[in-house]
Amino acid sequence: MDVTGGIADMAVTQSEALATLHRVFGYEAFRGEQEAVVEHVIAGGDAVVLMPTGGGKSLCYQIPSLVRPGTGIVVSPLIALMQDQVDALRALGVRAGFINSTQDFDERRVVEAEFLAGELDLLYLAPERLRVQATLDLLSRGKISLFAIDEAHCVSQWGHDFRPDYLTLSLLGERWPDVPRIALTATATRATHQEITQRLNMPTARHFVASFDRPNIQYRIVPKADPKKQLLSFLREEHAGDAGIVYCLSRNSVEKTAEFLSRNGVEAVPYHAGLDAGTRAAHQSRFLREDGLVVVATIAFGMGIDKPDVRFVAHLDLPKSVEGYYQETGRAGRDGLPSTAWMAYGLNDVIQQRKLIQSGEGDEAFRRRAQAHLDSMLALCETAACRRGQLLAYFGQEPDPAGCGNCDTCLTPPETWDGTIAAQKVLSTVVRLQRERGQKFGAVQIVDILLGKRTGKVIQFDHDQLSVFGIGEELSEGEWRGVIRQLLAQGLLAVEGEYGTLGLTEASGAVLRREREVPLRKEPKKPVTARSGSSSGRGERKPRAAAAELPEELVPAFEALRAWRAEQAREQGVPAYVIFHDATLREIAMAWPASVRELGGISGVGEKKLATYGEGVLAVLAELEAPAGPATASGGTGGTGEPEADPFGPDDWPEPQDEPEPDWD
């Protein structure tokens, strides 16, 4: 065995990969596990890669596709954004194409001919396309460098985003045993990780698991009062003029929220599967191409969205699972700049989700799994410990015992109190109604009884005659609703029937018998909400996140570069981030390059972009007055920092689609 030759080949591979990274993408070094994955796949090995959204998964197959002979075949679950992905790669000088049902016959024939002639570096296909024999025959006639299976968690039948066509992808290894495969996902528990390996038939694959931490995202969950007004206040005070996504559970809520925001000075559009395809496509295109637009959506939105400057993701309804929440919030801050994951959460969210599980389709095993997912989500909402730590622990990662310092529970630690007596009062009221009256009621009636309110319904059913009537006057209505919400989250109360009445659980007895203590979070004071009729406040906000840490004298240069970029994007009909990310423009403003050579040293400026845009960038700076001293000391990397967060390839997938997208291949 020629060990010396093998070492030499490995060194050449490493050198070529790094050279490609710098030449094409403008980065000086790989980040985290990227280098190990790239080297392994270039050498011909199979890989299963778990990296967080924005962690740079796409580079893990893009670099090997450029280094290995042949074309990299990328299996991507949604066709709606393939054109944007290909445009972004072509802007870097990468020869990329796609084949899907949006093309006519002649367009497909051109791409097929390019593939067969070896003129493509990357070819995107939907998994459905691989069920077509003609596609398999086409691939057999060309030279394939690798297969990349993106969003590999879609193969999990127990997962939140199952795609039946992924089950057939094991045939890739059977038909092309000598072609390396790389399966990638941003969201997978240990069980899903194993299922990916088994169902894709990759028993010898090397596994790479990166940290799931997104330290630039601040996680915050607030008690739900008037959610639309709370959202408006949040946007005005922290994210006026920023791009973001607001998730709602129903189409009706999406429409009303988008209309409310628009009426109050926030430019917002709705997105859900009930809209016609043209409207959805138009709203998605606006979101990708415009600055500062807010999309209000059901979980039908977000698939493959690569927009790096999404500054916030807000939830007005409780997600069904931690996986769904992590994926959805992960669409914020892909450029690594400060971003916010904000959610308003209340008692009705818990009741509604419990009812949906009970009344939904599926067998008992499915309901148990859905209940387990919801329990984990409720634990995240109700924790008094670090939220980021709870998220990381869910995905099997050891959290920092000192906390993260960038979530609400770390920044403002919640108070806890012994809620055992309060819990006993609630449970006793439920018991009295059931045993003495044979009745079941929801949370509103329970709270009215505890507070001693003689409402029409209380008088109608003689509930003011119960021994528990008025025994809870020490707490407010909001505090009692908080107690009930937390009892539901801890499994000490159950939601029953189609009307969401409350009942006891097996664990309730231990509380009533004083055998179990019940610690509870203290409900914060009612948050201040913005008045719906007030001005938008756009001119009163602090600088954008991308400019917030820039010295004041450099902000005009950053904004001038953004204006130039917007004009370039309009002329070319592509999203602005295809030209340059905000993070790259920020570094340009800080470095203030005086020549094309200096500009080429900035992270994110590869050869193609330097040749295409270099003179334009320098012309923008030439029209401005340069700062007196060096600016790079303020935090810019001067072109030697880490790569920007994964600008290519769909890293995000939403919750289970009870509203399936109609534009799959």
Side-chain angles (χ1 to χ4, degrees), residues 223-224 318 345-360 362-364 367-368 370-372 374-375 377-379 381-382 417-521 523:
K224 185 179 286 188
L318 183 70
Y345 156 77
L347 171 60
N348 286 342
D349 290 310
V350 186
I351 294 174
Q352 187 175 29
Q353 291 288 9
R354 298 273 197 216
K355 285 170 57 180
L356 287 173
I357 291 172
Q358 291 180 5
S359 61
D363 57 16
E364 186 59 33
R367 282 193 287 273
R368 280 199 303 271
Q371 187 63 60
L374 178 59
D375 289 344
M377 190 66 224
L378 293 175
C381 291
E382 299 291 358
W417 59 294
D418 184 353
T420 306
I421 293 177
Q424 290 170 340
K425 290 181 178 182
V426 171
L427 298 177
S428 294
T429 303
V430 174
V431 169
R432 295 289 185 277
L433 287 169
Q434 291 183 1
R435 293 182 181 175
E436 297 178 14
R437 304 294 179 87
Q439 299 169 340
K440 292 184 178 182
F441 284 88
V444 173
Q445 188 77 349
I446 302 296
V447 172
D448 286 345
I449 293 170
L450 289 168
L451 291 175
K453 288 186 176 182
R454 286 185 167 83
T455 64
K457 199 170 184 179
V458 166
I459 294 172
Q460 176 187 354
F461 291 99
D462 292 328
H463 289 166
D464 54 344
Q465 304 303 310
L466 291 170
S467 60
V468 291
F469 184 76
I471 65 170
E473 294 179 343
E474 75 278 7
L475 298 180
S476 68
E477 179 179 344
E479 288 170 328
W480 277 118
R481 289 178 66 84
V483 170
I484 292 174
R485 187 193 73 234
Q486 294 184 68
L487 293 180
L488 285 166
Q490 294 185 30
L492 297 173
L493 270 178
V495 176
E496 300 178 346
E498 61 178 313
Y499 299 109
T501 59
L502 300 180
L504 302 184
T505 68
E506 292 182 5
S508 304
V511 177
L512 290 168
R513 294 191 299 269
R514 298 179 175 82
E515 297 171 359
R516 171 175 172 175
E517 293 184 351
V518 183
L520 298 175
R521 283 172 55 114
E523 293 298 298

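- Between Asp349 and Lys224 there is a salt bridge, since at least one side-chain N of the basic residue sits less than 4.0 Å from a carboxylate O of the acidic one.
- Counting heavy atoms of neighbouring residues, nucleotides and ligands inside a 6.0 Å radius, atom CD1 of Ile459 exceeds 12 of them.
- Between the side chain of Gln424 and the main chain of Val511, a donor-acceptor pair closer than 3.5 Å is present.
- The backbone N or O of Arg521 lies less than 3.5 Å from a partner atom in the side chain of Gln486, making a donor-acceptor pair.
- Side chain of Thr429 to main chain of Ile446: no donor-acceptor pair is present (N/O by atom type, distance under 3.5 Å, no hydrogens or angles).
- Within the 4.5 Å cutoff, side-chain heavy atoms of Leu488 are placed close to those of Leu347.
- Of the possible polar contacts, one joining the Gln353 side chain to the Leu318 backbone as a donor-acceptor pair under 3.5 Å is found.
- Residue Glu517 places its CD atom among 12 or fewer non-hydrogen atoms of other residues, nucleotides or ligands, all under 6.0 Å distant.
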So Leu433 and Leu502, side-chain contact (heavy atoms from CB on, under 4.5 Å) or not? Walk me through it. CA-CA 10 Å; Leu433 287 169; Leu502 300 180; over 6 Å; no
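- For the pairing with His463, the side-chain hydrogen bond (donor to acceptor under 3.5 Å, both in side chains) check across Arg454, Gln439, Lys453 returns one residue only, Gln439.
- Listed for the Trp480 side chain is a donor-acceptor partner under 3.5 Å among the backbone atoms of Gly472.
- The distance from the OG atom of Ser508 to the CZ atom of Arg516 is 9.0 Å, given to the nearest 0.5 Å.
- Exactly one of Val431, Leu487, Val468 qualifies for a side chain to side chain contact (heavy atoms under 4.5 Å, CB included) with Val426. That residue is Leu487.
- Crowding of Glu515 atom CD: a count of heavy atoms from other residues, nucleotides or ligands under 6.0 Å exceeding 12.
- The main-chain N or O of Phe461 is found under 3.5 Å from a side-chain atom of Arg437 such that the two form a donor-acceptor pair.
- In terms of modelled atom types and a separation under 3.5 Å, the side chain of Lys425 and the main chain of Ile471 share a donor-acceptor contact.
- In this structure, OG1 on Thr420 lies 11.5 Å from CG on Leu512, to the nearest 0.5 angstrom.
- Within the 4.5 Å cutoff, the side chain of Ile449 has no heavy atoms near those of the Lys457 side chain.
- Rounded to the nearest 0.5 angstrom, Asp375 CG and Met377 CE are separated by 12.0 Å.
- At a threshold of 4.5 Å between non-hydrogen side-chain atoms, the residues Arg485 and Glu382 count as touching.
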